[in-house]
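This report refers to the structure that appears directly beneath it.
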Amino acid sequence: MGSAPIGILGGTFDPVHHGHLRIAQEALEQCGLARICFVPSGTPPHRTAPCASAQARWEMVRLAIAGHPEFQVDVREVFRSDPCYTVDTLTSLRAELGLAQPLCLILGGDAFLQLHTWHDWRQLFALAHIVVLQRAGGQPLGNAMAQADAALQAEYRARLAPGALALHEAPAGRIFVADMPALDISATDIRRRCAEKKSLRSLVPDAVVHYIHTHSLYRPC
Ligand code: ATP
């Protein structure tokens with residue numbers, strides 16, 4: 001068996017919250033990952049510009065993961081202002097970590113169902129495994145796949161791993177579905193609560209609450 005896979009969790013993290021930390025923890029444990037890299041996005045191609053600056057989003061992730069030795073933050077996207085694609089980030093990580101190191105791109109079920117719309121999406125399977133987090137109480141991913149894009153369905157059928165061990169046995173190319181408890185937390189809701197001066201406690205780590213208040217983030221314009 002090869003070395004334990006490294007997980008990659010991309011996101012806007014505007015701001016990072018307990019939902020993100022919980023996904024990372026579940027992926028770490030269910031897949032036996034060595035560590036997780038949080039990769040805050042720069043200017044995402046599919047989304048409007050984040051509210052908080054790159055510096056603030058990066059610092060909030062740093063504060064949120066302090067005390068979690070298996071979590072780290074990677075800055076290769078966050079300070080870029082040009083659109084950066086996941087395939088480019090994985091290519092650059094692969095060049096650094098070597099061809100043998102298993103990598104796992106961690107995605108929510110909703111994101112996975114749209115994977116065929118991503119830039120150079122098939123190349124993602126040559127670079128990493130994909131760990132799809134299926135939310136408890138939601139539609140099981142297997143059922144949702146019946147309505148998915150035909151090319152994505154074919155990749156899913158061909159690549160579905162029977163267990164997490166498969167993620168350790170090859171550097172890339174498998175799809176593994178992990179279970180995730182439903183956590184009704186989103187950055188959108190946190191920004192709204194902030195603008196309405198409502199408490200953020202238990203939604204984001206205390207150090208991040210402090211940072212948001214000290215830097216007057218997410219106030220109404
Ligand atoms: P926004 O509300 O601004 O869209 P978000 O809370 O969804 O943001 P992102 O930074 O875009 O946060 O999320 C990064 C990843 O974390 C995405 O794959 C997203 O699906 C996932 N995610 C975010 N919140 C949760 C949650 N509560 N439970 C499970 N997955 C989540």
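Being a predicted model, the structure only gives us computed values, none of them experimental. Read the numbers this way: they start at 1 and go in the same order the structure lists the ligands and their atoms.
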So for ligand 1, is D14 a polar contact partner (N or O within less than 3.5 Å, distance only)? no

Are R35 and F71 in a cation-pi contact, defined as NZ or CZ under 6.0 Å from the six-membered ring centre and within 45° of the axis? no

Check ligand 1 against H20 and write out every atom of the ligand that is under 4.0 Å from a heavy-atom position of the residue. 6 (O), 9 (P), 10 (O), 12 (O), 13 (O), 14 (C), 16 (O), 23 (C)

In sequence, state the C-alpha distance, the side-chain angles, and the governing distance for E196 and R192, and then conclude on salt bridge (charged side-chain N to carboxylate O under 4.0 Å, His left out). CA-CA 6 Å; E196 292 169 358; R192 187 167 41 232; 5.1 Å; no

Test of understanding: given a 4.0 Å heavy-atom threshold, classify the contact between R191 and ligand 1 as side chain, backbone, both, or neither. side chain

Which heavy atom of D14 sits nearest a heavy atom of A187, and at what distance? O-CB, 3.6 Å

What I want to check is whether the side chains of S41 and E77 have a donor and an acceptor closer together than 3.5 Å. no

Under 30°, 30 to 60°, or over 60°: which ring-plane class applies to H20 and H17, parallel, tilted or perpendicular? parallel

Heavy-atom distance under 4.5 Å between the side chains of I190 and P15, does that happen here? yes

Polar contact flag for I185 and ligand 1 (N/O pairs, less than 3.5 Å): yes

Looking only at N/O atoms, are G11 and ligand 1 under 3.5 Å apart anywhere? no

Test of proximity, G10 against ligand 1: N or O pairs below 3.5 Å: no

Check each heavy atom of T188 against ligand 1 and say whether those closer than 4.0 Å belong to the side chain, the backbone, both or neither. both

Out of curiosity, is R135 lining ligand 1, as in a heavy atom under 4.0 Å away? yes

Less than 4.0 Å is my threshold; does some heavy atom of L183 fall inside it relative to ligand 1? yes

Least distance between heavy atoms, A56 atom then Y211 atom: CA-OH, 3.4 Å

Of R192, R22, H17, E26, the residue with the heavy atom nearest atom 24 (N) of ligand 1 is H17

Is there a nitrogen or oxygen of T12 sitting under 3.5 Å from a nitrogen or oxygen of ligand 1? yes

Residues L152 and H116: closest non-hydrogen pair is CD2-ND1, 3.9 Å

Polar-atom distance check: A187 versus ligand 1, any N or O pair below 3.5 Å? yes

